[in-house]
Amino acid sequence: MPSPSVTHDSGNTQINVSTTFFPAAPLPGVGQQICDLIIHAADGVYFYCHRGVLTAKSGNSFGTYLQSTPPGSNSAISTTSSPARSPSNPPVAAPHTPPKSSGTTPTIFVSEHAKVLNVVLHLVYGMTLEKYRPDVDTLQQALECLPKYGLPIPGNSSEVWVQLLEHASANPIQVYSIAARNGIHSVCVLASQFTLGVPLQSVSEGQALTMGAIYLRSLYVLHLDRFTALKKILKETPAEHPATDNCSVTANQRGIKYAWKARAADILLDDMPQNTSPDRLSTNFGKLVELSSCSTCKENIRARVAAMVHDWVM
């Protein structure tokens, strides 16, 4: 993920400034307006923003910070024995504390790190995150802090959910729980298919609390339903045919049926049978044609395997 900041020299002092939210940045919806607010992230990165945009999008004056920040204010906090400012020791003001100023532009100090604040401000300004492609933890932290700043949870069509789904294969439970917490059902449905490869006992208490009782139950029902469906599909064996001189029902066809049931049992006894791939079904059961020299038996095996795979992927 590209860094959301770059280091600039200001006289003899180096400061870290956002690569997107910098002075005179061409941000959407602001025209020629210059930034009139600076947000200082916990790791020392400065974001140059517009008070009007934050006020319009936030339902609580951006966590009440803007209430203590008059436009053009250059008031400063009186401190005693303040530590030196640096990215490794950033000043993080408590909520409701009047902000310090940077020249004539008010500055507020927040507890979020730059990569999280970067996502939050992209959502505020309606900008794409494609350039940064934030990791799943950053997305989760950004979404969790939106209510704190009076910002709405993005709707189903927001690009943030597309970004989140990109992590579904590697972090299915986390992605599912984030979407569930925010009530984005469509994302839960898409992410849930990836959870079939994860044992449910690995769901942490925190993840269970995040997704809530309804979505947790839905996850368990999904796994149980898939296991039940697989048992039903595997139960049906290849069709038998009337005995012939070269193929008896007892010696040949029942032998195929027993071999089928043995392979089915092996799959159902796996750690996660509900995650069985169609290719595995096709390969394992397709090999049964080698047990018979009867062309009708071979045809019946192939037909049953094809039908089984079709039913499993539906």
Side-chain angles (χ1 to χ4, degrees), residues 1-5 18-22 25-31 33 35 37 39 41 45 47-63 65-66 110-195 206-207 209-212 214-216 218-219 222:
M1 181 177 71
S3 172
S5 67
S18 166
T19 56
T20 298
F21 300 92
F22 55 89
L27 300 176
V30 297
Q33 298 178 46
C35 64
L37 181 71
I39 303 179
V45 180
F47 291 77
Y48 289 74
C49 307
H50 301 81
R51 169 188 295 272
V53 174
L54 296 180
T55 300
K57 295 295 179 69
S58 172
N60 65 359
S61 296
F62 203 68
Y65 277 108
L66 300 183
V110 298
S111 58
E112 285 74 30
H113 282 66
K115 61 181 182 179
V116 175
L117 184 59
N118 185 57
V119 173
V120 171
L121 291 177
H122 272 73
L123 293 175
V124 168
Y125 281 83
M127 300 166 65
T128 177
L129 291 163
E130 183 63 27
K131 172 183 176 181
Y132 293 100
R133 304 179 73 85
D135 58 61
V136 66
D137 291 328
T138 297
L139 289 171
Q140 181 171 7
Q141 292 169 39
L143 289 166
E144 287 177 349
C145 77
L146 292 181
K148 167 184 174 182
Y149 294 114
L151 300 171
I153 299 299
N156 287 320
S157 60
S158 174
E159 186 220 3
V160 70
W161 304 117
V162 177
Q163 292 286 333
L164 183 65
L165 277 172
E166 290 188 1
H167 303 287
S169 60
N171 305 96
I173 298 296
Q174 186 174 4
V175 170
Y176 179 87
S177 63
I178 294 171
R181 173 174 182 157
N182 293 286
I184 309 300
H185 184 72
S186 59
V187 176
C188 289
V189 171
L190 293 172
S192 64
Q193 61 183 311
F194 295 102
T195 70
Q207 289 171 332
L209 291 173
T210 297
M211 66 180 71
I214 294 176
Y215 278 98
L216 178 60
S218 296
L219 194 60
L222 170 66

Determine, stepwise, if the pair His185 / Ser218 fulfils side chain to side chain contact (heavy atoms under 4.5 Å, CB included).
CA-CA 11 Å; His185 184 72; Ser218 296; over 6 Å; no
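- Looking at residues two or more places apart in sequence or on another chain, you find no side-chain hydrogen bond (donor to acceptor under 3.5 Å, both in side chains) involving His113.
- Taking all atoms of both residues into account, the shortest heavy-atom contact from Pro154 to Leu146 is CD-CD1, 3.7 Å.
- A distance below 6.0 Å separates the ring centres of Phe62 and Tyr149.
- Between the OG atom in Ser18 and the CG atom in Leu117 there is a gap of 8.0 Å [rounded to 0.5 Å].
- Nearest heavy atom pair, residue Ser177 against residue Gln207, reads CB-O, 3.8 Å.
- Every residue two or more places apart in sequence or in another chain that forms a side chain to side chain contact (heavy atoms under 4.5 Å, CB included) with Leu190 is listed here: Leu165, Gln193.
- The side-chain hydrogen bond (donor to acceptor under 3.5 Å, both in side chains) check on Glu159 picks up Thr128, Gln163, with sequence neighbours excluded.
- Side-chain atoms of Ser158 do not come within 3.5 Å of backbone N or O of Gly155 as any donor-acceptor pair.
- Between Ala191 and Val175, the shortest heavy-atom contact is CB-CG1, 3.9 Å.
- Residues passing the ring pair (Phe, Tyr, Trp, His ring centres under 6.0 Å) test with Phe194, sequence neighbours excluded: none.
- Not a single donor-acceptor pair under 3.5 Å links the side chain of Thr55 to the backbone N or O of Gly52.
- For the atom pair Leu54 CG and Arg51 CZ, the distance stands at 9.0 Å (nearest 0.5 Å).
- You'll find the side chain of His122 stays beyond 4.5 Å of the side chain of Pro134, heavy atoms only.
- For Ser58, the side-chain hydrogen bond (donor to acceptor under 3.5 Å, both in side chains) partners are Asn60, not counting sequence neighbours.
- Heavy-atom minimum distance, Tyr176 versus Cys188: CD1-O, 3.5 Å.
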Residue pair Leu139, His167: steps toward the side chain to side chain contact (heavy atoms under 4.5 Å, CB included) verdict
CA-CA 10 Å; Leu139 289 171; His167 303 287; 4.1 Å; yes
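- Proximity of the aromatic rings of His50 and Phe21 is defined here by a centroid distance below 6.0 angstrom, and this criterion is not met.
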One pair to check against side-chain hydrogen bond (donor to acceptor under 3.5 Å, both in side chains): Tyr132 and Thr20. What are the steps and the verdict?
CA-CA 10 Å; Tyr132 293 100; Thr20 298; 2.5 Å; yes
Residues Ile173, Leu219; criterion side chain to side chain contact (heavy atoms under 4.5 Å, CB included); working and verdict:
CA-CA 10 Å; Ile173 298 296; Leu219 194 60; 4.0 Å; yes
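- How far CG of Asn118 is from CG of Leu123: 9.5 Å, rounded to the nearest 0.5 Å.
- Taking CZ of Arg181 as the start and OH of Tyr215 as the end, the distance is 14.0 Å to the nearest 0.5 Å.
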Could you please spell out the steps behind the side chain to side chain contact (heavy atoms under 4.5 Å, CB included) verdict for Asp135 and Lys115?
CA-CA 10 Å; Asp135 58 61; Lys115 61 181 182 179; 4.1 Å; yes
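- Taking all atoms of both residues into account, the shortest heavy-atom contact from Val187 to Ala179 is CG1-CB, 3.5 Å.
- Checked against side chain to side chain contact (heavy atoms under 4.5 Å, CB included), Asn182 has the following partners two or more places apart in sequence or in another chain: Leu143, Ile153, Trp161, Ile178, Ile184.
- Once rounded to the nearest 0.5 Å, the distance linking SG of Cys49 with CG of Leu121 reads 4.5 Å.
- Atom CD of Glu112 and atom CD of Glu144 lie 11.0 Å apart (nearest 0.5 Å).
- Between Val53 and Gln33 there is no side-chain heavy-atom pair separated by less than 4.5 Å.
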